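Step one of this worksheet: look at the structure below.
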Protein chains: 2
Amino acid sequence: MLTIGKLSKTAGVKVPTIRYYEEIGLLPEAERSAGNQRLYGTATMDRLSFIRHARDLGFTLEAIRDLLSLSDTPDQSCAAADQIAKAQLVAVRDRLVRLRALEVELERMIVQCAQGTIADCRVIKVLGNHDLCSHEHNQKDQAVQ
Amino acid sequence: MLTIGKLSKTAGVKVPTIRYYEEIGLLPEAERSAGNQRLYGTATMDRLSFIRHARDLGFTLEAIRDLLSLSDTPDQSCAAADQIAKAQLVAVRDRLVRLRALEVELERMIVQCAQGTIADCRVIKVLGNHDLCSHEHNQKDQAVQ
DNA sequence: CTTAATGTCTCTAGCAACTAGAGGTTCAAG
DNA sequence: CTTGAACCTCTAGTTGCTAGAGACATTAAG
């Protein structure tokens with residue numbers, strides 16, 4: 001049986017985050033020692049690794065909750081899991097497109113900065129005037145995280 | 001003079017967001033009409049467009065606050081603005097690298113999904129077992145937004 | 001001139017996904 | 001037996017907004 005600290009180290013998830021996952025029901029309530037400390041077995045370890053890995057891949061906790069409930073009922077078709085992963089891929093590609101556009105524009109801003117005073121600083125100018133930025137990032141777009 | 005609604009439409013920033021920016025001091029306190037409604041001139045319009053554009057480029061509100069205070073004192077060197085933009089570029093590139101890795105892994109997961117049952121679903125398996133994922137996304141990495 | 005619809009006001013609370021801190025208890029090593 | 005690390009619960013804070021309640025302002029139509 002692992003204490004929360006050991007589990008934290010092994011899974012690469014911080015201690016308060018583990019407690020948080022328990023609180024929101026992503027992890028089951030842990031067994032407790034005589035002194036009320038949480039104890040974990042390999043099942044929770046696996047579940048936590050799953051969560052960790054999915055978080056690395058950018059899945060939201062909600063999506064992870066769905067994936068976990070799917071994996072708890074292994075007899076059904078995996079179409080739903082596939083669907084979640086595909087939606088995630090679409091989101092990732094969308095962010096990629098936008099980030100590449102940002103990269104290009106930031107490069108342009110920086111390269112053209114003449115190292116003069118703020119008064120003719122390209123960075124400030126481009127931010128202040130959308131027309132100066134040759135790139136097509138729609139003003140209606142949301143910021144890319 | 002524009003009402004907050006017109007400003008919102010023109011700048012592409014939602015009404016509550018404008019009030020929020022005022023609250024946190026990114027925008028100055030607005031003039032008021034006889035009936036206590038906010039009124040804006042072109043100066044605030046420009047400032048809001050600046051903020052909007054910088055948010056599009058992924059700058060945090062803190063970075064934007066710095067950029068704005070720089071642009072308020074146009075006589076100094078633009079090195080600081082350049083610095084902020086460069087840091088932003090580094091962050092963007094970092095996110096790009098991680099997102100590309102995620103894209104590759106998600107593609108692999110999905111392609112290999114045999115449309116069978118959950119029991120042999122590639123998506124679930126890869127998430128549950130880090131060794132199955134041929135890609136090098138360090139378990140210590142943070143999730144990419 | 002009145003009425004209705006829309007716009008605006010303030011205020012509080014909520015979202016994701018944690019993180020930080022206070023103040024107290026338990027455990028393992030020496 | 002003591003010390004110090006690890007653990008407990010609880011509350012509050014983070015970022016960048018968004019949603020809703022209940023009240024007042026403004027505008028367009030009849």
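In this text, all values refer to a predicted model and were calculated from it rather than measured experimentally. In the text below, chain A, chain B and the rest are named by the order of the sequence lines, each starting its count at 1. Just so it is clear, the values below take in all heavy atoms, side chains as well, and ignore hydrogens, waters and symmetry mates.
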| Rounded to whole angstrom units, what separation is found between the CG atom of L7(A) and the P atom of dC7(D)? | 10 Å
| query | Can we say E105(B) and R108(B) salt-bridge, meaning some charged N sits less than 4.0 Å from an Asp/Glu carboxylate O? | reply | no
| note | Which of E31(A), E22(A), E23(A) passes salt bridge (Lys or Arg N to Asp or Glu O under 4.0 Å) with R38(A)? It is E22(A)
| query | Between Y20(A) and dA16(C), is there a side-chain N or O to OP1/OP2 distance below 4.0 Å? | reply | no
| task | Would you kindly give the CD1-to-C1' distance between I4(B) and dT26(D), to the nearest whole Å? | result | 15 Å
| request: Given salt bridge (charged side-chain N to carboxylate O under 4.0 Å, His left out), test E107(A) with R93(B) step by step and report yes or no. | output: CA-CA 11 Å; E107(A) 278 167 351; R93(B) 285 189 173 145; 2.4 Å; yes
| Under 4.0 Å: is that the gap between some side-chain N or O of T3(A) and OP1 or OP2 of dA6(D)? | no
| query | Side-chain N or O of Y21(B) less than 4.0 angstrom from OP1 or OP2 on dG16(D)? | reply | no
| Nearest-Å distance for atom pair CE/P, residues M1(A) and dC27(C) | 15 Å
| Phosphate contact (dT26(C) OP1 or OP2) by S33(A) side-chain N/O below 4.0 Å | no
| task | Could you say whether R32(B) or A34(A) is positioned toward the 5' end of DNA chain C, judged by the nucleotide with the nearest heavy atom to each? | result | R32(B)
| task | Just compare dC9(C), dT9(D), dT26(C) and give me whichever is closest to any side-chain atom of R19(A). | result | dT9(D)
| Taking OP1 and OP2 of dT18(D), is either one under 4.0 Å from a side-chain nitrogen or oxygen of T17(B)? | yes
| query | Expressed in angstrom and rounded to an integer, what is the separation of K9(B) atom NZ from dG7(C) atom C1'? | reply | 10 Å
| query | Could you walk me through whether S33(A) and L39(A) pass the side chain to side chain contact (heavy atoms under 4.5 Å, CB included) check? | reply | CA-CA 7 Å; S33(A) 74; L39(A) 292 177; 3.9 Å; yes
| request: Ignoring backbone atoms, test whether R38(A) places a side-chain nitrogen or oxygen under 4.0 Å from the OP1 or OP2 oxygen of dC8(D). | output: yes
| Phosphate-side-chain proximity, R55(B) and dC17(D), N/O vs OP1/OP2 below 4.0 Å | yes
| Taking atom P of dT6(C) as reference, at what distance in whole Å does atom NZ of K6(B) sit? | 14 Å
| request: Starting from the C-alpha separation in whole Å, work towards a yes-or-no answer on side chain to side chain contact (heavy atoms under 4.5 Å, CB included) for M1(A) and K6(A). | output: CA-CA 10 Å; M1(A) 285 299 206; K6(A) 306 271 199 282; over 6 Å; no
| task | Send over the distance from I64(B) CD1 to dG16(D) C1', rounded to a whole Å. | result | 10 Å
| query | Considering heavy-atom distances to DNA chain C, does G35(A) or P16(A) have its closest nucleotide positioned more toward the 5' end? | reply | P16(A)
| remark: note: N36(A), atom CG; dA6(D), atom P; distance rounded to Å ~ 19 Å
| Just to confirm, is there a sub-4.0 Å distance from OP1 or OP2 of dT19(C) to any side-chain nitrogen or oxygen of K14(A)? | yes
| field | Of Q37(A) and E23(A), the one whose closest DNA chain D nucleotide lies more 5' | value | Q37(A)
| request: Nearest whole angstrom, please: distance from the P of dT9(D) to the CD of E29(A). | output: 10 Å
